[in-house]
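Remember, predicted model here, so these are calculated numbers, not experimental data.
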Amino acid sequence: MYFPELSEAPDDRVVFFSDIAKNSISAKYWGNLYDEGLLNLTAHLLTSRFGKNGNGDPVTNAPQGATSKTVGKLSKGLESRNSGIYANAGDYALTVYGRRYWELLQLIKPTVLVISGGSGCAGTFSR
């Protein structure tokens with residue numbers, strides 16, 4: 001099992017969310033990252049709805065890392081839920097699985113390279 005922490009989730013529930021994930025991503029588009037993307041999206045959907053073990057309450061808050069800590073008179077700073085590479089991740093930022101899915105998604109997004117032929121330009125780039 002890839003995510004042993006989800007072993008308490010009923011099989012039919014895992015299959016249900018796996019089917020949703022399969023309909024959401026394309027093996028052709030994802031290439032070698034398809035299996036990892038599919039597993040993380042399935043786990044994200046499952047834990048978003050049924051909690052961190054796949055058999056409980058929904059996840060409603062994104063995990064936040066501590067940025068500072070004070071012991072006297074207790075103080076603790078937390079990072080923003082919408083910062084860094086997860087700023088535009090939406091509900092994918094709510095779970096570790098969604099965050100990994102988001103990271104993978106950023107890797108497979110098409111990148112456009114444009115080099116303009118403005119004044120003083122010696123040429124253009126084409127593929």
Side-chain angles (χ1 to χ4, degrees):
M1 171 172 258
Y2 290 99
F3 303 121
E5 64 274 18
L6 299 177
S7 62
E8 293 181 30
D11 290 343
D12 61 333
R13 188 174 290 165
V14 173
V15 169
F16 174 77
F17 287 109
S18 177
D19 288 344
I20 291 174
K22 285 177 187 173
N23 289 327
S24 300
I25 65 177
S26 164
K28 179 180 176 185
Y29 185 71
W30 278 70
N32 292 338
L33 296 174
Y34 176 76
D35 290 338
E36 186 178 357
L38 181 65
L39 289 169
N40 278 282
L41 181 55
T42 300
H44 168 72
L45 295 170
L46 179 63
T47 57
S48 293
R49 181 66 176 92
F50 292 101
K52 64 182 178 180
N53 67 356
N55 201 22
D57 295 325
V59 174
T60 57
N61 291 315
Q64 292 177 277
T67 58
S68 64
K69 179 174 136 180
T70 306
V71 176
K73 299 225 178 196
L74 188 61
S75 174
K76 184 176 184 179
L78 298 174
E79 68 184 5
S80 171
R81 290 184 179 116
N82 298 322
S83 65
I85 66 169
Y86 308 111
N88 296 315
D91 74 338
Y92 295 127
L94 293 177
T95 69
V96 295
Y97 315 107
R99 286 180 174 212
R100 180 61 184 151
Y101 175 76
W102 181 256
E103 292 167 5
L104 294 169
L105 186 60
Q106 302 316 298
L107 292 174
I108 65 160
K109 279 185 173 179
T111 304
V112 177
L113 176 64
V114 177
I115 298 177
S116 174
S119 64
C121 184
T124 59
F125 175 83
S126 63
R127 287 189 179 202

Close side-chain approach of [X] and [Y], heavy atoms under 4.5 Å:
X    : Y    : answer
F16  : L46  : no
W30  : L105 : yes
L107 : L33  : yes
Y97  : L39  : no
F3   : N40  : yes

ILVMFWY network linking Y34 to I20, side-chain heavy atoms under 4.5 angstrom = yes
All heavy atoms of T42 vs all of A21, minimum pair found to be OG1-CB, 3.4 Å
What are the two closest heavy atoms between G54 and P10, and how far apart are they?
->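 Closest pair (atom of G54, atom of P10, distance): O-CD, 4.1 Å.
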Calculate, to the nearest 0.5 Å, the distance between atoms [atom1] and [atom2] belonging to [X] and [Y] respectively.
X    : Y    : atom1 : atom2 : answer
I108 : L104 : CD1   : CG    : 8.0 Å
L45  : Y101 : CG    : OH    : 8.5 Å
E103 : Y92  : CD    : OH    : 14.0 Å
I25  : L38  : CD1   : CG    : 5.0 Å
H44  : L94  : NE2   : CG    : 6.5 Å

Pair listing, salt bridge (Lys or Arg N to Asp or Glu O under 4.0 Å) test, anchored in residues 31-48, at least two apart =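 Sorted pair list: E36-R100.
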Qualifying side-chain hydrogen bond (donor to acceptor under 3.5 Å, both in side chains) pairs with a residue from residues 8-29, counting only residues at least two apart or across chains | E8-N53, R13-N55
